[in-house]
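To start, the structure under review is shown below, and the notes come after it.
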Amino acid sequence: GNSVTQMEGPVTLSEEAFLTINCTYTATGYPSLFWYVQYPGEGLQLLLKATKADDKGSNKGFEATYRKETTSFHLEKGSVQVSDSAVYFCALDAPGSSNTGKLIFGQGTTLQVKP
Amino acid sequence: NAGVTQTPKFQVLKTGQSMTLQCAQDMNHNSMYWYRQDPGMGLRLIYYSASEGTTDKGEVPNGYNVSRLNKREFSLRLESAAPSQTSVYFCASRFRANLPDTQYFGPGTRLTVL
């Protein structure tokens, strides 16, 4: 079946440090991949997405590349800010065969950035 | 546009009580979803409605029922609340179920069952 595995958190970084949050997936066919971010007390917001192999999603300085050969979609940012402190979720969407549109989420990774 | 709205934001129930969580979207989306979020488990799908007039079970449907009232509204009902249903509940919508569109999430309902 479809599944998403994220690196364990929490991740604690100093401001301006480089960020990587690992995400690997198992899926049939060719899923679309997403990163969502959840700020404290809020709902989830789409951060970026990629719909086919080798696509790079990017937004707000964050990037992730859809690597089919390694079934990965790692999130990176070159210089984090305190305002990036949040929970990050990797997710996949395997439409087509089931037509449900439901997302499969990883367990989430908490990022804390210290000044 | 308000996007996806949920009511209430917070609720405390006693075991055995019932309640309905309301969700509405104003983006003319066809598909709507209910998830629950528990620590260390990400979000898990409870029920979904791929299009108006249809509903289907997700990963964790036991103890819940849903109603797709119209294209805009999708409610989640707990008939007899249990402490295991203490969670944060999120409603989401997307334009079409079979396209890789963004799912938009509401702000969540924090439910505590005593």
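Here is how names work: the chains are called A, B, and so on, in the same order as the sequence lines, proteins then strands, and each is numbered from 1.
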key: Partner residues of Y89(B) under the side chain to side chain donor-acceptor pair (under 3.5 Å) criterion, sequence neighbours left out   = Y64(B)
Which portion of L43(B) sits near chain A, non-hydrogen atoms under 4.5 angstrom = both
ask   = Given that the side chain runs from C-beta out, which part of T102(B) has a heavy atom under 4.5 Å from chain A: side chain, backbone, both or neither?
value = both
Contacts of residues 49-76 of chain A with chain B (heavy atom under 4.5 Å) = K49(A), T51(A)
task = State whether the number of non-hydrogen atoms from other residues, nucleotides or ligands found under 6.0 Å of R110(B) atom CZ is greater than 12.
result = no
Ring pair (Phe, Tyr, Trp, His ring centres under 6.0 Å) between Y35(B) and F105(A), intermediate numbers included = CA-CA 11 Å; Y35(B) 295 89; F105(A) 285 89; 5.6 Å; yes
query = Between Q6(A) and chain B, which part of the residue has a heavy atom less than 4.5 Å away: side chain, backbone, both or neither?
reply = neither
query = Would you call R44(B) and D38(B) a salt bridge, using N to O less than 4.0 angstrom?
reply = yes
message = Parallel, tilted or perpendicular: which one describes the rings of Y33(B) and Y48(B), with boundaries at 30° and 60°?
response = parallel
query = Any donor-acceptor pair under 3.5 Å linking the side chain of S87(B) with the backbone of Q37(B)?
reply = yes
Exercise: identify the closest heavy-atom pair between C91(B) and M32(B) = SG-CE, 4.1 Å
